[in-house]
Enquirer: 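Dropping the structure in here first, questions after.
Count residues from 1 along the sequence.
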Amino acid sequence: MTAKKDLILSGCVENQSENYTNIKLYKNTTNNASNVFNFFQNRFLTDKMIDVGSGANPVIIDVDADGKKDLLIGNYGYLRTNQNPSIFESGISYYRNTGTNICPEFTLINDDYENVFAMGLQNIYPCFGDLDNDGDREMLLGANDGMLYLYTNNGGAGNPLNLTLSSIQYQGIDVGNAATPQIVDVDKDGLLDLLIGNAMGTLYFFKNTGTLTSPVFTYITDNLGGVNVTNQFASFGYSQPYLYEDGGAYKLLVASEEGRVFMYNNIDGNLTGNFNLITNTAYGIVEQYRTKIALGDLDGDGNEEIIVGNYAGGLNYYTKNVNCFTGIAQNNTESSVVSVYPNPSNGNIVVETKQALAEVVVVSVMDNLGRIVYSQKLNSYRNIIDLSNASNGVYTVRISADRINEVHKVVLKK
């Protein structure tokens with residue numbers, strides 16, 4: 001019997017086509033000659049993924065104080081094509097970790113966390129920090145207008161977030177367009193400062209000239225470290241900073257418009273000079289454009305993972321091993337210890353090691369929600385994994401041992 005061909009439709013015009021209910025499936029109710037198609041569902045395939053329309057801006061934080069990391073994802077917006085003209089409505093999606101600290105599973109609780117839709121903003125970027133030194137963390141939103149919006153946390157230390165909008169256009173700070181703030185002690189004087197990316201690809205530094213409990217942010221520069229992640233072929237850079245300590249010294253990651261993540265050092269004691277660019281492809285991250293990054297230990301191994309959002313509205317997951325992040329993209333480098341094939345697969349995949357392994361090696365297969373659908377120890381050089389009962393979609397194959405931490409992506413098509 002000949003399989004009936006169904007119909008899949010998707011818009012393809014940026015900022016004019018649906019960006020959330022964006023893949024429609026029509027079932028063929030007759031045959032391949034007459035082809036009578038009836039609508040079956042919206043969001044075909046993407047309903048199995050995290051998708052926030054256009055521009056995923058993630059942050060990793062324990063929202064409900066249950067000890068597990070959750071996801072809050074700001075966005076550029078959902079395109080409302082029923083409006084004339086079409087408009088973007090921006091908000092924050094709350095995905096609660098309903099899994100474990102070792103195997104997180106994220107469940108959508110609310111796509112309008114803290115009623116941000118009502119603000120009428122675009123390109124919402126959330127960050128957190130204890131701005132009043134009371135033991136909990138406030139939420140600071142950057143927006144496409146270049147301004148900041150403060151939500152005070154009244155929850156108290158160790159309690160769930162309890163946020164209240166307390167300041168619009170916070171302290172009059174304006175970085176032009178697309179503010180992406182980080183609350184961090186830039187100059188290591190014990191007070192939290194503001195480091196803010198923007199559409200032009202540079203970094204603003206606002207020094208806290210107030211106190212621990214009453215910060216006053218004073219403009220210092222819009223060109224900190226000489227950082228500019230706009231390339232010669234682009235008009236904008238859309239920088240997003242992440243300043244962190246590595247071995248007691250600061251390093252800086254900056255996500256960008258072109259989908260790359262830049263890494264800098266030579267920061268401590270050099271805030272008036274130029275930082276040193278180590279690479280413009282940190283950890284091998286090259287995504288779709290307008291990348292945003294969030295870091296946090298999601299699998300309980302003591303190392304931080306990276307969640308990468310992009311303008312397409314979805315997320316990718318990278319895991320850290322010592323000083324190396326490995327993407328979920330298929331690993332085809334010569335240094336790879338493991339091969340995973342075929343890709344796409346019709347149900348069976350092969351995990352094959354390229355050298356003798358002394359330690360126990362475990363292979364785990366996870367779906368797009370982080371749920372483990374298969375796990376076992378490898379017992380030979382060549383292992384066949386039966387995923388014939390798994391649904392169509394993209395799966396993460398993780399191979400882990402003391403000397404190995406590789407992540408591969410496999411597409412199942414049946």
Side-chain angles (χ1 to χ4, degrees), residues 1-56 58 71 73 75-84 86-91 93-95 98 105-112 287-289 308-317 328-330 342-349 365-374 386-397 408-414:
M1 180 178 178
T2 303
K4 293 185 292 185
K5 294 181 179 180
D6 302 315
L7 178 65
I8 298 174
L9 296 178
S10 178
C12 61
V13 181
E14 185 175 334
N15 299 337
Q16 295 182 36
S17 303
E18 283 281 356
N19 62 0
Y20 186 68
T21 56
N22 51 355
I23 302 179
K24 302 179 186 296
L25 172 62
Y26 289 79
K27 289 279 193 178
N28 191 341
T29 59
T30 55
N31 53 58
N32 293 332
S34 56
N35 293 317
V36 176
F37 299 108
N38 284 349
F39 174 76
F40 184 74
Q41 74 170 97
N42 283 316
R43 304 195 68 237
F44 177 59
L45 297 180
T46 57
D47 63 341
K48 303 290 193 264
M49 310 173 188
I50 292 177
D51 184 1
V52 295
S54 294
L71 288 176
I73 310 171
N75 67 354
Y76 188 88
Y78 299 100
L79 187 62
R80 306 307 189 192
T81 56
N82 59 345
Q83 304 290 321
N84 189 17
S86 298
I87 61 170
F88 282 97
E89 290 186 350
S90 300
S93 294
Y94 169 28
Y95 283 84
T98 54
E105 179 176 331
F106 297 107
T107 301
L108 180 63
I109 303 300
N110 186 351
D111 66 358
D112 188 19
E287 297 285 349
Q288 297 181 31
Y289 73 98
V308 182
N310 56 60
Y311 195 74
L315 303 178
N316 281 330
Y317 173 78
I328 65 170
Q330 185 72 26
N343 189 14
S345 168
N346 288 326
N348 288 331
I349 61 174
V365 181
M366 293 167 284
D367 65 14
N368 274 306
L369 294 176
R371 296 177 297 199
I372 294 178
V373 299
Y374 181 96
D386 182 5
L387 297 178
S388 57
N389 291 326
S391 302
N392 291 3
V394 180
Y395 289 80
T396 300
V397 182
H408 299 249
K409 181 173 68 177
V410 172
V411 178
L412 293 187
K413 298 172 69 177
K414 301 176 185 176

Enquirer: Taking all atoms of both residues into account, what is the closest heavy-atom pair of Ser54 and Phe88, and its distance?
Expert: OG-CE2, 4.0 Å

Enquirer: Looking at CG of Asn38 and OG1 of Thr29, how far apart are the two atoms once the value is rounded to the nearest 0.5 Å?
Expert: 4.5 Å

Enquirer: How long is the straight-line distance from NZ of Lys27 back to CG of Leu25, given to the nearest 0.5 Å?
Expert: 5.5 Å

Enquirer: Please report the shortest heavy-atom distance between Pro342 and Ser345, naming the atom on each side.
Expert: O-CB, 3.5 Å

Enquirer: Measure across Gly314 and Ala56 and return the closest heavy-atom pair with its distance rounded to 0.1 Å.
Expert: O-CB, 3.5 Å

Enquirer: Among residues at least two apart in sequence or on other chains, which ones pass side chain to side chain contact (heavy atoms under 4.5 Å, CB included) with Asn28?
Expert: Lys4, Asp6, Thr30, Asn32, Asn35, Phe37

Enquirer: For residues Leu387 and Tyr374, report the shortest heavy-atom separation together with the two atoms involved.
Expert: CD2-CB, 4.1 Å

Enquirer: Test your reading of the model: is there a side-chain donor-acceptor pair from Ser388 to the backbone of Gly347, 3.5 Å cut-off?
Expert: no

Enquirer: Go through the structure and list residues passing side chain to side chain contact (heavy atoms under 4.5 Å, CB included) with Ser93, not counting sequence neighbours.
Expert: Val52, Tyr78, Tyr95, Leu108, Asp111

Enquirer: Can you list the residues that meet the side-chain hydrogen bond (donor to acceptor under 3.5 Å, both in side chains) rule with Asn110, with sequence neighbours excluded?
Expert: none

Enquirer: For Leu9, give me all partners under side chain to side chain contact (heavy atoms under 4.5 Å, CB included), at least two apart in sequence or on another chain.
Expert: Leu7, Tyr26

